[in-house]
Protein chains: 2
Amino acid sequence: MILKKKKDKIPERTITRLPIYYNFLLEIQKNDIRMISSQEMARKVGIKASQFRKDLSYFGEFGTQGLGYSVEHLIEKIGGILHLNYRHNAVIVGVGNLGTALMNYPHFGEWGFHIVRAYDLDTSKVGRKIGYTTVKDIRELPRDIMIPLGIIAVPPSSAQEVANLLVASGVRGILNFTGSRIEVPNGVVVRSVDLTYELAVLNYYLSHFVPSGDSKKR
Amino acid sequence: MILKKKKDKIPERTITRLPIYYNFLLEIQKNDIRMISSQEMARKVGIKASQFRKDLSYFGEFGTQGLGYSVEHLIEKIGGILHLNYRHNAVIVGVGNLGTALMNYPHFGEWGFHIVRAYDLDTSKVGRKIGYTTVKDIRELPRDIMIPLGIIAVPPSSAQEVANLLVASGVRGILNFTGSRIEVPNGVVVRSVDLTYELAVLNYYLSHFVPSGDSKKR
DNA sequence: TTAAATTTGTTAAAATTTTCACTATTCGAG
DNA sequence: CTCGAATAGTGAAAATTTTAACAAATTTAA
Ligand SMILES: NC(=O)c1ccc[n+]([C@@H]2O[C@H](COP(=O)([O-])OP(=O)(O)OC[C@H]3O[C@@H](n4cnc5c(N)ncnc54)[C@H](O)[C@@H]3O)[C@@H](O)[C@H]2O)c1
Ligand SMILES: NC(=O)c1ccc[n+]([C@@H]2O[C@H](COP(=O)([O-])OP(=O)(O)OC[C@H]3O[C@@H](n4cnc5c(N)ncnc54)[C@H](O)[C@@H]3O)[C@@H](O)[C@H]2O)c1
């Protein structure tokens, strides 16, 4: 072998599929399934087998020809790629409907994520214990430090302001639920989720329904 | 002109950007901005101007050369494309952390979405009024009918079972929060959102941070 | 009225992502 | 040990999506 393939750019879509694979593998592992082929994997998660293999190929060779993939081994490898074998602390800002739901969700820890701080502007919420953490006043955020992940669950009008605070306090990755775009300095990663948008997209496909062909699944 | 462009296939990514445009337009309309150019639009939502124009071009011509787009007109047009000018009723199944957050969210109505039913297995939750609706027993779902949108917010292990129920009751589009893939008959549209996956993807980019180049925004 | 400045809609090129098709490897049966 | 079946990894083709570039339209300034 001449040279191991160097880190070519990996498609973003590949990255977004990794958690899907990971989750599915965890699930079948619970059912004591030890091996799985790309064929079966693909069928179960609703993609093409070649896509699954191609996705993995960006990171190395994890299977055995003729046999398939060891579920345990693959979980370890994909987990490693996603760095799920480390603990990742997160701050949440905005302990409203959504923020509370996130704080109460008990399964983030299984993926290595831990909400260790929560802040709100509303003093009536300060001091409340939700999930594992007690809500603090937003004004204390600048003093607290060095948590890599931030979750923004405040009203859209405060999104940018909160993002600035988080970045200033050292947050390096932000999950933004507000639907508003936030500007961040170079080097800070933002991902946005908006549940209203998802409904709207769903609704589009519903309204423009074409009876023939496959429906979108997952 | 020989023939008006017929309904070519529209990129899915285009559809997912439409709600972003729509939301931003609503926002600037509140600030009494009447016109906007693709340049400015693009800068504000973090895309290229040519992409914005291309996206719109799939649906018609909505701007005025030399001037830009009328905010009001564009809102109406994009709203029309997404069918937001109609009322869309939705059912939610699983009134836990997330389901409750969704039911309490007061702004879905502004986009034409209305959660008109909510079901849970847990009888201690049945009868509770959350947001505008009262939680009903899941066993009543088969009797209730003809709501086009369904939201699944039950544990992953029940996802498929609930999907089957929803489809049987006439639901045509499903927003699935469980992270489990669900199989649906042809003609039913599914969109999935998993907050854990989003964190995992964010975390990937954080861990594989490349200091040079743009960061991902929005 | 004319010229300069904007800005759209669109065509074509570039970039990205998915799918195909084939080779090589491995297992297990005979 | 040899053969056949199953299946991974991969290079190339195909499909999709983004970006660039420019002609046509419109406004504004002179
Ligand atoms: N809940 C949903 O189903 C849903 C759906 C779509 C979008 N969203 C979006 O998600 C975000 C959160 O939604 P929600 O329903 O939890 O809202 P919410 O109003 O229930 O909660 C917002 C919380 O943020 C706090 N807050 C406001 N400004 C703050 C600031 N500057 N610093 C710290 N805390 C501040 C408020 O006190 C409140 O507790 C919003 O942007 C909303 O538009 C929510
Ligand atoms: N809350 C979060 O932050 C979060 C994060 C990631 C993923 N999720 C996923 O979203 C989904 C909902 O999460 P949650 O935190 O609201 O869960 P939850 O446990 O708080 O609520 C689930 C609700 O569904 C009900 N239920 C269970 N089986 C049912 C059935 N067959 N029919 C009707 N109702 C049934 C339960 O009684 C409960 O009220 C889960 O699949 C979860 O994995 C949630």
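Order of the sequence lines sets the chain letters (A, B, ...), proteins ahead of strands, with each chain counted from 1. These numbers come from the heavy atoms of this one structure, side chains and all, not from hydrogens, waters or symmetry mates.
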Taken to the nearest whole Å, CZ/A:Phe62 to P/C:dT25 is 19 Å
In short, the helix from C:dT1-D:dA30 to C:dG30-D:dC1 is bent end to end, axes from five pairs each side, to 10°, by 10°
Here the side-chain hydrogen bond (donor to acceptor under 3.5 Å, both in side chains) pairs for residues 161-174 of chain B, sequence neighbours left out, are B:Gln160-B:Asn164
Sorted by chain and number, sequence neighbours left out, salt bridge (Lys or Arg N to Asp or Glu O under 4.0 Å) with A:Glu40 holds for A:Lys44
The side chain to side chain contact (heavy atoms under 4.5 Å, CB included) partners of A:Phe108 (sequence neighbours excluded) come to A:Leu102, A:Tyr105, A:Phe113, A:Ile115, B:Thr196, B:Leu199
Residue set satisfying ring-ring contact (aromatic ring centres under 6.0 Å, His included) with B:Tyr69, at least two apart, ordered chain then number -> B:Phe52
Using atom names, set out every protein N or O paired with an N or O of nucleotides 5-7 of chain D below 3.5 Å, distance rounded to 0.1 Å.
{"unit_1": "D:dT7", "atom_1": "O4'", "unit_2": "A:Gly66", "atom_2": "N", "d": "3.2"}
{"unit_1": "D:dT7", "atom_1": "O2", "unit_2": "A:Gly66", "atom_2": "N", "d": "3.4"}

From NZ of B:Lys77 across to P of C:dT8 the rounded distance in Å is 17 Å
Can you pull every protein N or O that's under 3.5 Å from an N or O on nucleotides 15-19 of chain C?
{"unit_1": "C:dT16", "atom_1": "OP1", "unit_2": "A:Lys9", "atom_2": "NZ", "d": "3.4"}
{"unit_1": "C:dT18", "atom_1": "OP1", "unit_2": "A:Arg17", "atom_2": "NH1", "d": "2.9"}
{"unit_1": "C:dT18", "atom_1": "OP1", "unit_2": "A:Gln51", "atom_2": "NE2", "d": "3.4"}
{"unit_1": "C:dT18", "atom_1": "OP2", "unit_2": "A:Arg17", "atom_2": "NH2", "d": "2.7"}
{"unit_1": "C:dT18", "atom_1": "OP2", "unit_2": "A:Gln51", "atom_2": "NE2", "d": "3.3"}
{"unit_1": "C:dT18", "atom_1": "O5'", "unit_2": "A:Gln51", "atom_2": "NE2", "d": "3.1"}

Residues pairing under salt bridge (charged side-chain N to carboxylate O under 4.0 Å, His left out) where one sits in residues 64-88 of chain B, two or more places apart or in two chains, turn out to be none
Of all heavy-atom pairs linking A:Thr178 and A:Ile152, the shortest is CG2-CG2, 3.8 Å
Residues at least two apart in sequence or cross-chain that pass side chain to side chain contact (heavy atoms under 4.5 Å, CB included) with A:Tyr86, listed by chain then number, are A:His83, A:His88
Applying side chain to side chain contact (heavy atoms under 4.5 Å, CB included) to B:Ala49 and not counting sequence neighbours gives B:Ser38, B:Gln39, B:Ala42, B:Arg53
Enumerate donor-acceptor pairs with a distance under 3.5 Å from any side-chain N or O in residues 21-35 of chain A to protein atoms, sequence neighbours excluded.
{"unit_1": "A:Tyr21", "atom_1": "OH", "unit_2": "A:Asp55", "atom_2": "OD2", "d": "2.6"}
{"unit_1": "A:Asn23", "atom_1": "ND2", "unit_2": "B:Gly179", "atom_2": "O", "d": "3.3"}
{"unit_1": "A:Asn23", "atom_1": "ND2", "unit_2": "B:Tyr197", "atom_2": "OH", "d": "2.9"}

Taken in chain and number order and not counting sequence neighbours, the residues that satisfy ring-ring contact (aromatic ring centres under 6.0 Å, His included) with B:Phe177 are none
Rounded to whole Å, CE of B:Met35 lies from C1' of D:dT27 at a distance of 11 Å
When rounded to whole Å, the CZ to P distance for the pair B:Phe59 and C:dT10 reads 14 Å
